[in-house]
Amino acid sequence: MNQWVNRRDLFVIVGASGDLASRKLLPALYRLSHDVPADKRFRILGVATDSERNDEAFRQKILKEADELAGVKIDQKWLDETLFYQSIGHGGPDEYHALAARVAALEKSQQLSGNRVFYLALPPTIFPLSITRLGEAGLNQSDGWTRLVIEKPFGRDAESAEALNRLVHKYFEEKQVYRIDHYLGKETVQNLLVFRFANSLFEPLWNRDRVESVEIVVAESLGIEHRGRYYDTAGALRDMIQNHLTQLLTLTAMEPPASFEADAIQHEKVKVLKSIRPIGPGDVVFGQYARGEIDGKPVPSYRQEPDVAPDSHTETFVAMRLRISNWRWQGVPFYLRTGKRLPSRVSRILVNFRCPPVSLFQPFACSSLHPNALMITIQPDEGFDVQFEVKTPGLPFRVVTQNLHFRYSEAFEPSPEAYETLLLDVLLGDATQFVRDDWVEASWRLYTPILETPPTIALYPAGNWGPKEAERLSASPLLGNAAAS
Ligand code: BG6
């Protein structure tokens, strides 16, 4: 696919000394460039505050960190040819004008196309300043195209997201803007559209007549690692629900788009958000992990993590019930659930179908915990399972649940990393798997009332599926069933 990149563009990473650049972006760009003929390979300009650093020092830093943080051994020759460094000091107007001059100089010396990507790999508090400075320095346009990539979180609530969109639009047109949600780069997430709209098998069942409930679970066994400073001001609703889980929700619930064009797809996704009823206090449970065990090893409570307030009320777990009030989904609950320090790492969408109207096999079949279900596993062990009931051979007469399954790993070579896919899309100008301005605003509007009056936090021991209080916000009576089954 990479042969489609047939010009030598410039990729500018603003915030290039951070974790994201060494851990994800540069390894992804490195892999991406492999299939591109050498004379068409893009160049990368890393931009950060350190004014002592030069091209060579930056290449050495990336060489070391990509190996340490991502296990990727980047070739020195590739670095020498591809990667450059520019300081923006404290980010004043002069420094951004110097950046503009460096960009122009590189385009000349490296014979580049004039197409530019600016990737803001920055703490969100710095987005507004950086966007303003880029615009003021004239870096919002070029002789070719200019695209702006913005990492999540895009805003903290409805008001701040709208303000950020206004600022972005002051300097950039919406078609230049690529808001990243790395979940959209995962193969299994991209495949949701193909699964739904390239097959006729499920679409007739995909509605309130046949579906009893839908569960979307993103469980992590990791804690917050070294990200306490960020996480304690964010929490699971902002960090996971507003973006990743809501993307999965809109892809699962949307109507067929008029075409496979970015705008047609975005349009249907936004319609879903606009049809969701306000979320009531009884529809949400917040949890926070207490001390416990993961894989038999003791782990500290959230409040004991570095850079977390000892009396923090930040949620590390959210369970909620959403109701989509439209013709397709009226009356079907959508359960969302995410948490850190849960027993295992699994991301899954479970579509639970209704029981047959009459069960001939009571108490065997539909009195069991598993009516027919479609389980889409986003990660790990990516694939699909269809659960159905069968009779066990012989006597006594018993009905059990079996699976038809498909696994990506059995059918295909390993997929590229999400960032690789998304960065290629940016270079190709395909905005299908990015977040449009109205989606991000509609999503924040949905959750802002909860952020303003959050529910009380229920504690759960690390290594459990969440607080007991959340059990009622699940279609499976056993907490975590959707994740664990
Ligand atoms: C990030 C969140 O966006 O996604 C993290 O900030 C989370 O807190 C991560 O751990 C999960 O991503 P993945 O791809 O590992 O499921």
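Starting from 1, each residue takes its place in the sequence as its number. Both ligands and their constituent atoms are indexed starting at 1 by order of listing.
Protein neighbours of ligand 1 below 4.0 Å, counting non-hydrogen atoms: K152, H182, Y183, K186, E220, R227, D239, M240, H244, K340, R345, Q379.
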Exercise for the section: Walk me through it: do D239 and Y230 pass the test side-chain hydrogen bond (donor to acceptor under 3.5 Å, both in side chains)? Expected result: CA-CA 10 Å; D239 187 49; Y230 150 74; 2.5 Å; yes

Practice task
Could you give me the CA-CA distance, side-chain angles and deciding distance for D181 and K152, then say whether salt bridge (charged side-chain N to carboxylate O under 4.0 Å, His left out) is met?
Solution key: CA-CA 6 Å; D181 180 318; K152 76 169 253 285; over 6 Å; no

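Taking the six-membered ring for Trp and thresholds of 30 and 60 degrees, H244 and H182 have ring planes more than 60 degrees apart, a perpendicular arrangement.
With a 6.0 Å cutoff to the six-membered ring centre and a 45° limit on the axis angle, R436 does not count as a cation-pi contact of Y178. For the pair R179 and F434, the cation does not sit on the ring face, since its NZ or CZ is not both under 6.0 Å from the ring centre and inside 45° of the axis.
Remark: of the listed residues D381, N191, T377, T188, N191 is the sole one forming a side-chain hydrogen bond (donor to acceptor under 3.5 Å, both in side chains) with Y408.
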